[in-house]
There are 2 protein chains.
Amino acid sequence: MTAQLNLDDTLAALADPTRRAILQRLSEGEARVTDLAQPFAMSLNAVSKHIRVLERACLVRRRRAGREHLLSFNHQPLDEAVTWIEAQRALWTARLGALDALLQAEDRVASPSAETKGPAR
Amino acid sequence: MTAQLNLDDTLAALADPTRRAILQRLSEGEARVTDLAQPFAMSLNAVSKHIRVLERACLVRRRRAGREHLLSFNHQPLDEAVTWIEAQRALWTARLGALDALLQAEDRVASPSAETKGPAR
DNA sequence: TTAATATTCAACCAATAAGTTGAATTACTA
DNA sequence: TAGTAATTCAACTTATTGGTTGAATATTAA
């Protein structure tokens with residue numbers, strides 16, 4: 001029931017400027033729903049909904065203290081997101097490396113002797 | 001008109017497993033729309049739409065060669081995304097560092113000789 | 001020229017997202 | 001106890017998403 005870590009939810013949660021601003025605020029420390037809502041031009045309810053999205057993505061945790069709900073930042077899903085993105089970049093640069101090696105190999109073949117390739121004419 | 005780099009679009013584009021799979025494939029090299037669609041259980045049209053979303057996010061580029069459209073991976077928006085995420089983590093750990101320092105300072109006051117500062121009582 | 005291939009465009013549908021307003025719940029405070 | 005504060009719940013609206021099918025547009029091949 002703990003709405004386990006899920007890249008789809010994490011990235012979707014991050015894909016909204018309001019939610020990113022909320023997270024940014026929370027990465028400086030705990031805050032109440034009302035505090036989080038204050039900077040925004042939307043209703044408290046709207047912010048409450050955004051918070052719920054962040055919770056579903058496990059990016060924020062909630063602790064109740066009387067009538068106040070104290071939200072806090074959880075970095076764990078961010079780690080997962082970065083891991084995925086970095087893996088893509090790694091693949092990409094690996095491929096560029098391989099391509100580069102290939103081109104160099106072609107050079108070694110193409111330059112010394114002549115006339116080996118080309119559409120000629 | 002080049003649909004400039006935008007974190008919202010980037011993260012929203014990444015928040016879908018089909019699109020991530022497409023990107024993963026493209027990070028190994030160029031491919032046609034049909035090639036990209038082949039592994040999926042959905043229509044070609046659906047994949048075509050996913051590609052359009054990735055293009056809007058500048059995560060893929062398109063080059064036409066006759067009737068074929070050759071798609072390729074562009075890492076730049078990923079860099080931006082990682083930059084944002086890392087910034088949050090940095091804030092977070094900075095705050096934890098500060099909190100830690102604070103707690104240590106309190107320790108120094110509370111345990112040994114006492115009486116150097118603090119709200120006393 | 002005709003047929004097949006690669007791709008998009010257009011219209012549609014169901015589900016979800018993002019916001020609203022108003023009412024309900026729960027916990028403090030005077 | 002009565003009122004107010006902090007928050008969610010419920011219902012509703014509008015826009016977007018992710019998928020479908022069928023037709024249109026180019027380009028290549030027979």
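Reminder, nothing fancy here: chain letters follow the sequence lines and each chain counts from 1.
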Original post:
Once you round it to whole Å, what is the distance between P of D:dA5 and NE2 of A:His69?
Top reply: 17 Å

**OP:** In whole angstrom, give the distance that lies between atom CG of A:Asp16 and atom C1' of D:dA15.
**Re:**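 Distance check: A:Asp16 CG to D:dA15 C1' gives 14 Å.
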
Original post:
Does anything in residues 25-54 of chain B reach DNA chain D, meaning a heavy atom under 4.0 Å, and if so which residues?
Top reply: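 Hits under 4.0 Å, by residue number: B:Met42, B:Ser43, B:Asn45, B:Ala46, B:Lys49, B:His50.
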
Subject >> Qualifying side chain to side chain donor-acceptor pair (under 3.5 Å) pairs with a residue from residues 36-46 of chain A, counting only residues at least two apart or across chains >> reply: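 Of all non-adjacent pairs touching residues 36-46 of chain A, none passes side chain to side chain donor-acceptor pair (under 3.5 Å).
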
Original post:
salt bridge (Lys or Arg N to Asp or Glu O under 4.0 Å): which pairs involve residues 36-48 of chain B, sequence neighbours left out?
Top reply: none

Original post:
Got a sec, which pairs hit salt bridge (Lys or Arg N to Asp or Glu O under 4.0 Å) with one end in residues 30-53 of chain A, sequence neighbours left out?
Top reply: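 Output for this query lists A:Glu30-A:Arg63, A:Arg32-A:Asp35, A:Arg32-A:Glu68.
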
Using side chain to side chain donor-acceptor pair (under 3.5 Å) as the criterion, list what pairs up with [X], not counting sequence neighbours.
X	value
B:Arg62	B:Glu55, B:His69
A:Asn74	A:Arg61
B:Gln24	none

**OP:** Could you say whether A:Thr18 or A:Arg64 is positioned toward the 5' end of DNA chain C, judged by the nucleotide with the nearest heavy atom to each?
**Re:**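 Residue closer to the 5' terminus by nearest nucleotide: A:Thr18.
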
Original post:
Reading DNA chain C 5' to 3', which nucleotide is the first, and which the last, to come under 4.0 Å of any heavy atom in chain A?
Top reply: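 Result: C:dA17 to C:dC28.
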
**OP:** Return the set of residues passing side-chain contact (heavy atoms from CB on, under 4.5 Å) with B:Glu86 (not counting sequence neighbours), or none when no residue passes.
**Re:**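 Scan of B:Glu86 (side-chain contact (heavy atoms from CB on, under 4.5 Å), adjacent residues dropped) gives A:Val82, B:Val82, B:Arg89.
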
**OP:** For B:Arg19, enumerate each residue passing the salt bridge (Lys or Arg N to Asp or Glu O under 4.0 Å) test, keeping only those at least two apart in sequence or located in another chain.
**Re:** none

**OP:** Kindly write out the residues that satisfy salt bridge (Lys or Arg N to Asp or Glu O under 4.0 Å) with A:Arg25, not counting sequence neighbours, or none if the list is empty.
**Re:** none

Original post:
Less than 4.5 Å apart, any side-chain heavy atom of B:Arg64 and any of B:Leu70?
Top reply: no

Original post:
Which angle, to the nearest 10 degrees, lies between the helix axes at the two ends of the helix from C:dT1-D:dA30 to C:dA30-D:dT1, each defined by five pairs?
Top reply: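 That helix has its two terminal axes inclined by roughly 10°.
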
